[in-house]
There are 2 protein chains.
Amino acid sequence: MKQVTTIHDIAKKSGYSASTVSRVLNRKKHVSTETRQAIQQVIEELDYVPSDIARDLSRGKTLNIGFVLPNTKHPFFTEILTGAIDAAFKTPYHLVILPSEYDEEKEIEYLEQLRSNAYDGLIFTSHGVPLEKLAEYTKYGPIICCEDPYDVPISAVYAKRRIALTEAFTWLKEKQYNNVGFFLSREEKLSATSKETLGAYRRIFKNEPEKELVKTGVTTYKDGYQAAKEWVENGIVPEVIFSNGDDIVTGARQYYLDHNLPLPFLVGQEDQLSSQLLNISTIDYQFTEIGRQAFELVLKAEGIEKIGIPSTFIVR
Amino acid sequence: MKQVTTIHDIAKKSGYSASTVSRVLNRKKHVSTETRQAIQQVIEELDYVPSDIARDLSRGKTLNIGFVLPNTKHPFFTEILTGAIDAAFKTPYHLVILPSEYDEEKEIEYLEQLRSNAYDGLIFTSHGVPLEKLAEYTKYGPIICCEDPYDVPISAVYAKRRIALTEAFTWLKEKQYNNVGFFLSREEKLSATSKETLGAYRRIFKNEPEKELVKTGVTTYKDGYQAAKEWVENGIVPEVIFSNGDDIVTGARQYYLDHNLPLPFLVGQEDQLSSQLLNISTIDYQFTEIGRQAFELVLKAEGIEKIGIPSTFIVR
DNA sequence: TTGAAAGCGATACCAT
DNA sequence: ATGGTATCGCTTTCAA
């Protein structure tokens, strides 16, 4: 093993004890100025750096926050991550990326690691295990999730999707749009987001979306293109396409353009560059802001707190 | 402090010693099948999880790879990160995000932490301290950088920018384009990338780029917009804008469109969605691939290896 | 095959 | 103000 200089080397060479060296290291008081200087000097001479691991073990703290994310394909995850990184910049804490792929075993593993003090806290951007399970583990350390937990007792920072969804559908209704088609990533029963989207539609339009106008499993530019194609080929002509992402609806748009077909009214989500460039209406959920606040909240670690971040509908 | 069940609790309850429990935990041999089972049983009964920190301290290894990145604004960094996360998915290693903001002190801190075994390896997407300094620290553990290190003895995975740059300028020259304007992020003397870009131009065009046609400090869509504006207002009319990013050149494009001015020929970099959508020529550097390979390389940790990833010029 | 004991490198309490 | 010592939880010789 690599030979490292330890606190004891400093102690011996300086003539003081390890305890005193530790005090100097941690800028504690009860150390005379001369002692402090003498020890500092030896530290520099020997080019000594304290071991984080040993400190962690001794203190039972790590200055590490675990950041669980299923993948890096969706801007929801990468933007939350960006926000969290931004927030971590200003603190001595580090972010440890914990990939999950929605795999329950992996998630449990991370939760167990929280239990064994490997992290001072955990942020779940999304999760495969039930929210209730996450909540159970909060007794071992702060856990933040990034969705509205409703009744489940767990801290959360999440997009108040309802606000913008309501705005959007109200606007569409006023403009006399009908036949709204949906691109969703996951089925309604599996995804709270899908549920909320369709729920808002039902509330405003006061009717059930047509089955054939609801497409799930659509998550990329290509998927969007393909989905539009299928609709066109089956003679399905929505007046509006309400999509779960800017890049996705951009794909659909391209299909219509490629075939010289009239464009439906398009609504994206996430206010990314693609919708700005192409002048497509969208919903801004402020994901980076969510990431930022999630990180701040995990450090607070006092009881349960739920923070909703307002969303807005952007008409273009 | 939280009371945790330890290896000794398992030892006591099972009637065996901590050593044996440790052997079971680490799947080592020299443990009889019954003993193993008996201990496994107690582990499950007590719902025991070993402490990573204690293991790390004892072993002097962490299963953590530090990932140093200046910020999350530029796709160069976020895409490399995405690639690295992808690669980490398949391994037991974790990625620890280390924000640097090009701050030398922070970078040194991370290097020192490598020295003190806080990480098993370090990936530098970019750096403020000189490459030589990074190279010095390789004796404490594997370090990978994401640029061509030329003579400096350090492992690297980087874009072979020269290939695509040569293609691009050759193409432009053949098409009789002149008056090439540049958007760069940092000055030529500070940035290897800028140097390589202008160097390729000089090589092909056999002349010096005009001073007023080289703009530095341009890194975002807005910067691009602003830069175009300044040129227009000063009567500077490039035939080509060669930009350091798709989103950036997209900003310039917008300015010309907003003012009904003829568009210069545009070249972006990174092959992002924006250039695809707007049909802008670009250079594909395959950053996610670089991230992926950088992670794989840091785990290999045998001597110095330099891997160049080919780049391509995409004409649109 | 199993166990005892000595680290790993710090911190923190209790004396002095 | 300083030092001694136990402790954190696990790994790893070395003996038995």
Side-chain angles (χ1 to χ4, degrees), chain A residues 1-40 42-43 46-63 112-120 140, chain B residues 1-40 42-43 46-63 112-120 140:
Chain A
M1 188 184 299
K2 281 179 287 190
Q3 193 42 54
V4 208
T5 53
T6 76
I7 201 170
H8 291 104
D9 300 329
I10 306 298
K12 197 188 300 178
K13 177 142 189 189
S14 69
Y16 291 91
S17 74
S19 323
T20 306
V21 177
S22 176
R23 285 188 195 102
V24 172
L25 254 28
N26 295 291
R27 297 186 183 66
K28 295 208 173 150
K29 43 200 172 182
H30 303 304
V31 181
S32 76
T33 322
E34 353 167 25
T35 307
R36 187 175 299 269
Q37 285 178 341
I39 291 180
Q40 277 295 5
V42 177
I43 288 181
L46 267 47
D47 201 11
Y48 159 78
V49 261
S51 153
D52 288 359
I53 309 179
R55 178 179 42 59
D56 290 350
L57 175 60
S58 187
R59 289 214 268 243
K61 291 235 154 239
T62 62
L63 294 185
E112 290 293 341
Q113 290 175 347
L114 174 69
R115 211 168 71 118
S116 62
N117 284 322
Y119 310 109
D120 288 354
Y140 301 118
Chain B
M1 189 184 300
K2 280 179 288 192
Q3 195 41 52
V4 210
T5 53
T6 76
I7 201 171
H8 291 105
D9 300 328
I10 306 298
K12 197 187 302 173
K13 177 141 189 192
S14 68
Y16 291 91
S17 75
S19 327
T20 306
V21 177
S22 174
R23 287 190 193 99
V24 172
L25 252 30
N26 296 290
R27 296 183 183 68
K28 295 208 174 152
K29 42 198 174 181
H30 304 304
V31 180
S32 74
T33 324
E34 2 169 17
T35 308
R36 188 176 299 271
Q37 285 178 342
I39 291 181
Q40 278 294 4
V42 178
I43 287 179
L46 266 50
D47 201 13
Y48 161 78
V49 260
S51 155
D52 288 358
I53 309 179
R55 178 176 46 55
D56 290 349
L57 176 60
S58 188
R59 289 216 267 244
K61 290 238 155 242
T62 61
L63 292 185
E112 290 293 340
Q113 289 175 349
L114 174 69
R115 210 166 73 116
S116 62
N117 286 322
Y119 310 110
D120 288 354
Y140 301 117

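All values below were derived from every heavy atom in this structure, side-chain atoms included, with hydrogens, water molecules and symmetry-related copies excluded.
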_Please report the distance, rounded to the nearest Å, between NE2 in His30(B) and P in dG3(C)._
15 Å

*N/O (side chain, Tyr16(B)) to phosphate O (OP1/OP2, dA4(C)) under 4.0 Å*: no

_d(NZ, Lys61(B); P, dT11(D)) in whole Å_ = 15 Å

_All salt bridge (Lys or Arg N to Asp or Glu O under 4.0 Å) counterparts of Asp56(B), not counting sequence neighbours_ = none

*Can you tell which of Val24(B), Ile10(B), Asp9(B), Val21(B) makes a side-chain contact (heavy atoms from CB on, under 4.5 Å) with Val42(B)?*
Ile10(B)

*asked:* Below the 4.0 Å mark, does dT2(D) have OP1 or OP2 next to a side-chain nitrogen or oxygen of Thr35(A)?
replied: yes

*Is there a side chain to side chain contact (heavy atoms under 4.5 Å, CB included) between Tyr48(A) and Leu25(A) once you walk through the steps?*
CA-CA 11 Å; Tyr48(A) 159 78; Leu25(A) 254 28; 3.7 Å; yes

*Does Thr33(A) or Val49(B) map to a spot on DNA chain D nearer the 5' end, using the closest nucleotide for each?*
Thr33(A)

*Report the residues that fulfil side chain to side chain contact (heavy atoms under 4.5 Å, CB included) with Ser22(B), sequence neighbours left out, ordered by chain and then residue number.*
Ile7(B), Asn26(B)

*Check the distance between dC10(D)'s P and Ile53(B)'s CD1 and give it to me in whole angstrom.*
11 Å

*Angle by which the axis turns from one end of the helix from dT1(C)-dA16(D) to dT16(C)-dA1(D) to the other, five pairs per end, to 10 degrees*: 40°

_Side-chain N or O of Thr20(A) closer than 4.0 Å to phosphate OP1/OP2 of dA1(D)_ = no

*Sequence neighbours left out, what passes side chain to side chain contact (heavy atoms under 4.5 Å, CB included) with Thr35(A)? Give chain and number order.*
Tyr16(A), Thr20(A), Val31(A), Ser32(A), Ile39(A)

*Just how far, in rounded Å, is P of dT1(C) from CZ of Arg36(B)?*
10 Å

*Gap between atoms CD and P, on Gln37(A) and dA1(D) respectively (whole Å)*: 15 Å

*Can you check each nucleotide of nucleotides 11-16 of chain C against protein heavy atoms at under 4.0 Å and return B for base, S for sugar-phosphate only, - for none, in 5' to 3' order?*
BBB---

*Could you state the atom-to-atom distance from CG of Leu57(B) to C1' of dC10(D) in whole Å?*
8 Å

*Write down the distance between CG (Asp56(A)) and P (dC10(D)), rounded to a whole number of angstrom.*
15 Å

*Can you run down the salt bridge (Lys or Arg N to Asp or Glu O under 4.0 Å) pairs that involve residues 11-22 of chain B, sequence neighbours left out, and say none if there aren't any?*
Lys13(B)-Glu45(B)

*Identify, with sequence neighbours excluded, every residue that meets side chain to side chain contact (heavy atoms under 4.5 Å, CB included) alongside Glu112(A).*
Ile108(A), Arg115(A), Tyr137(A), Asp47(B), Val49(B)

*For Arg23(A), what residues pass the salt bridge (Lys or Arg N to Asp or Glu O under 4.0 Å) criterion, not counting sequence neighbours?*
none

*Closest to the Ser51(A) side chain: dT2(D), dA10(C), dT2(C)?*
dA10(C)

_In whole Å, I'd like the distance from the CZ atom of Arg115(A) to the P atom of dG9(D)._
13 Å

*Asp120(A): what forms a salt bridge (Lys or Arg N to Asp or Glu O under 4.0 Å) with it, not counting sequence neighbours?*
none

